[in-house]
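I have placed the structure first, in the form of structure tokens, so that the comments after it can refer back to it.
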Amino acid sequence: MLDIKLIREQPDLVRQRLASRNAGDEARIDELLKLDEQRRKLLAEVEGLKAQRNRVSKEIGALMGQKKIEEAEAKKKETRDLGDKITELDKHAAAAEAARDEILLRLPNLPHETVAVGKTAEDNPVMRTWGEKVNFSFKPKSHVELCESLKLVDFARGAKLSGSGFLLYTNWGARLERALIQFLLDLHITQHGYTEVSPPYVVSRDCMVGVGQFPKFVDQAYAVREGEDNSTLGSLYLLPTAEAPVANIHREEILAEKQLPIYYCAYSPCFRAEAGAAGVGTRGMIRVHQFDKVELIKIVKPEVGYDELEKLVGNAEKVLQLLELHYKVIQLCTGDMGFASAKTYDIEVWAPGQGQYLEVSSCSNCEDFQARRMSMRFKTETGENKFPHILNGSGTALARLFVALVETHQQADGSVLIPAALQPYLKTDRIQA
RNA sequence: GGAGAGAUGGCUGAGUGGCCUAAAGCGCAGGUUUGCUAAACCUGUGAACGGGAAACUGUUCCGAGGGUUCGAAUCCCUCUCUCUCCGCCA
């Protein structure tokens with residue numbers, strides 16, 4: 001959520017930066033300001049009336065105490081309709097506030113000034129690359145072929161169980177998935193200073209609003225219903241990312257300054273309806289309704305937000321380096337950035353069987369955008385309450401990492417070599433038929 | 001699912017319609033004094049949203065939402081959560 005005071009004081013700046021996202025959100029600022037103005041006017045009016053009522057009520061109390069019943073009754077008559085006016089004005093003020101917040105909750109974050117201006121993914125600048133595309137002396141297979149020949153994933157039965165976009169990992173495939181999860185958690189916890197948490201996989205609506213998934217992207221989530229009871233629909237959702245619960249751990253709290261920075265690391269499956277997305281329904285593991293992910297969350301003081309973002313990306317890159325996978329880091333341009341983010345780096349790993357780069361990590365500084373929605377603050381030494389920066393990054397997404405891994409390390413004989421860093425977890429150096 | 005008990009400031013906890021401007025204690029911060037692994041005393045100590053250049057000031061908040069009343073932490077209704085016991089259950 002954007003700071004309403006900033007919008008009030010510098011509407012042109014806000015309009016201009018929203019416009020750089022190329023989504024037309026700046027058009028709503030005038031309406032927003034009008035509602036804000038209206039709300040404040042009503043508030044001033046109704047608060048004046050309330051002050052008056054409080055004053056007179058106190059006088060009545062005093063008169064009653066002195067048994068001056070008649071005088072008290074006269075005062076009561078005098079203020080009787082004050083209450084009605086207050087109720088009426090309260091309603092209007094609440095309506096103006098609700099309308100204002102409705103717009104505010106749907107406005108995306110402002111891009112940071114260092115973010116490249118652009119319209120689509122084609123305008124995303126490449127920051128750096130690591131390693132290079134593998135040279136094969138044979139025609140590399142796609143992960144789908146490898147998964148079938150090595151019996152790592154049973155695509156047909158996965159679809160039978162839950163429909164397209166759901167995977168049934170089998171034997172070494174299931175073990176590889178589990179080994180990767182363990183490897184990722186251990187790396188971030190022991191080498192990068194994160195604290196492991198294991199959150200609920202079903203989260204409240206408030207959590208979804210807090211991270212900015214809702215209200216705008218409600219169609220992308222799986223809603224949970226208890227049995228056939230439709231009244232239970234709409235309060236709980238399957239998590240689309242561990243960011244939803246983990247970033248909300250300290251919602252509505254005022255943290256002590258010395259508690260910061262907080263680094264959390266969490267494994268969870270991620271559930272995405274992917275309504276209208278291309279690629280769902282096709283075979284493979286690139287875009288699915290359920291995938292595993294290890295997520296990194298940071299809650300930090302604003303002044304270090306962007307240093308922490310660079311470190312966060314580095315933590316995710318380390319994963320690919322240890323797994324000996326070629327990747328590039330790109331910065332998302334203003335037109336391609338997610339709703340809550342002020343600055344985002346994506347890491348794309350090379351998948352030779354696909355002949356393309358796959359997004360396996362997205363690292364963002366959301367600044368105070370989410371903290372405002374969650375009402376998460378920290379108290380400075382001077383006693384001031386401030387919003388922290390909240391950062392999130394995949395460290396990393398699993399299904400696509402799995403794809404890059406088997407496609408990159410495949411051998412001419414159809415087997416897959418396991419990188420040294422992963423061998424202690426998988427307890428083999430090679431997967432073969 | 002059934003029965004019962006609860007929810008008050010950072011924490012403990014009093015408060016059953018009007019000086020509640022929420023007692024008291026603990027904690028925390030500052031000060032004074034004595035001197036030494038600290039103690040005593042004094043003062044202060046929440047949040048949100050408004051108004052104001054500022055000093056300051058108004059409103060709201062006692063789990064949440066409604067209601068009664070001139071006036072609600074307090075009375076009424078609905079809901080949520082926590083705890084205890086029973087049932088079911090991995």
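Every chain is numbered from 1, with letters handed out A, B, ... down the list of sequences.
- Ring centers of A/Y169 and A/F402: under 6.0 Å apart, within the cut-off.
- Aromatic rings from A/F271 and A/Y201 are positioned such that their centres are separated by 6.0 Å or more.
- Taking atom NZ on A/K58 and atom P on B/A72, their separation rounds to 12 Å, with Å as the unit.
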Quick one: do A/K379 and A/E384 satisfy salt bridge (charged side-chain N to carboxylate O under 4.0 Å, His left out)? Show the steps, please. CA-CA 5 Å; A/K379 196 177 278 294; A/E384 204 184 343; over 6 Å; no
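- For the pair A/K76 and A/G61, nearest-nucleotide mapping onto RNA chain B gives the more 5' position to A/G61.
- Between A/E252 atom CD and B/G10 atom P there is a gap of 14 Å when expressed in whole angstrom units.
- B/G9 and B/G18 have their C1' atoms separated by 23 Å, given to the nearest Å.
- Computed from coordinates, the A/I60 CD1 to B/A72 C1' distance equals 15 Å when rounded to whole Å.
- Nucleotides B/G67 and B/G30 place their C1' atoms 46 Å apart, quoted to the nearest Å.
- Under 3.5 Å, the side chains of A/Y263 and A/E308 contain a donor-acceptor pair of N or O atoms.
- Annotation: B/U33 and B/C20 have their P atoms spaced 36 Å apart (nearest Å).
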Sugar-phosphate means primed atoms, P, OP1 and OP2; the rest is base. With that split, encode nucleotides 51-61 of chain B 5' to 3' as B, S or - using protein heavy atoms under 4.0 Å. S------BBS-
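- Going from atom CD of A/Q259 over to atom P of B/G10 covers 14 Å, rounded to whole Å.
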Map every base of RNA chain B to its dot-bracket character, where paired means a Watson-Crick or G-U wobble contact with both distances under 3.5 Å and | marks a partner outside the strand. ((((((((.[[[..)..(.....]]]((((((.(...).))))))((((((....)))))).[[[[[..)....]]]]])))))))....
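- A/N109 places no side-chain N or O within 3.5 Å of a backbone atom of A/F369 that could act as its donor or acceptor partner.
- Atoms CG (A/D3) and C1' (B/C49) sit 13 Å apart, rounded to a whole Å.
- Put simply, A/R39 has no side-chain N or O that comes within less than 4.0 Å of OP1 or OP2 on B/C49.
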Under the salt bridge (charged side-chain N to carboxylate O under 4.0 Å, His left out) criterion, do A/E148 and A/R283 qualify, and how do the steps go? CA-CA 12 Å; A/E148 285 177 337; A/R283 242 151 55 108; 2.7 Å; yes
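- A distance of about 16 Å separates the C1' atoms of B/C62 and B/C11, rounded to the whole Å.
- When the C1' atom is used for both B/U12 and B/C28, the distance is 15 Å, rounded to whole Å.
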Under the side chain to side chain contact (heavy atoms under 4.5 Å, CB included) criterion, do A/L167 and A/M285 qualify, and how do the steps go? CA-CA 8 Å; A/L167 300 172; A/M285 304 166 67; 3.9 Å; yes
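- Ring centroid separation for the pair A/H112 and A/Y306 comes in under the 6.0 Å cut-off.
- Counting non-hydrogen atoms of neighbouring residues, nucleotides and ligands closer than 6.0 angstrom, the CD atom of A/E257 exceeds 12 such neighbours.
- Within residues 79-101 of chain A, the residues that place at least one heavy atom under 4.0 Å from RNA chain B are, in residue-number order, A/T79, A/R80.
- Between the CD atom of A/E71 and the C1' atom of B/G71 there is a distance of 18 Å, rounded to whole Å.
- B/G58 and B/G66 are spaced 25 Å apart, taking the P atom of each and rounding to whole Å.
- Whole-Å rounding puts the A/I254 CD1 to B/C11 P distance at 11 Å.
- Every ring pair (Phe, Tyr, Trp, His ring centres under 6.0 Å) that A/F217 has, sequence neighbours left out, goes to A/F339.
- Judged as a ring pair (Phe, Tyr, Trp, His ring centres under 6.0 Å), not a single pair has a partner in residues 7-45 of chain A (not counting sequence neighbours).
- Between B/A55 and B/G6, the two P atoms lie 45 Å apart (nearest whole Å).
- Rounded to the nearest Å, the gap between the C1' atom of B/A24 and that of B/U82 is 26 Å.
- Applying the salt bridge (Lys or Arg N to Asp or Glu O under 4.0 Å) test to every pair with at least one member in residues 5-23 of chain A, sequence neighbours left out, gives these pairs: A/R8-A/D36, A/D12-A/R15, A/R15-A/D30.
- When heavy atoms are screened at a 4.0 angstrom cut-off, A/L43 is found touching the sugar-phosphate backbone but no base atom.
- Using a 4.0 Å heavy-atom distance criterion, A/K379 is classed as a sugar-phosphate-only contact.
- The interatomic distance linking A/K77 (NZ) with B/G71 (C1') rounds to 18 Å, in whole Å.
- Under 3.5 Å, the side chains of A/Q423 and A/D429 contain no donor-acceptor pair of N or O atoms.
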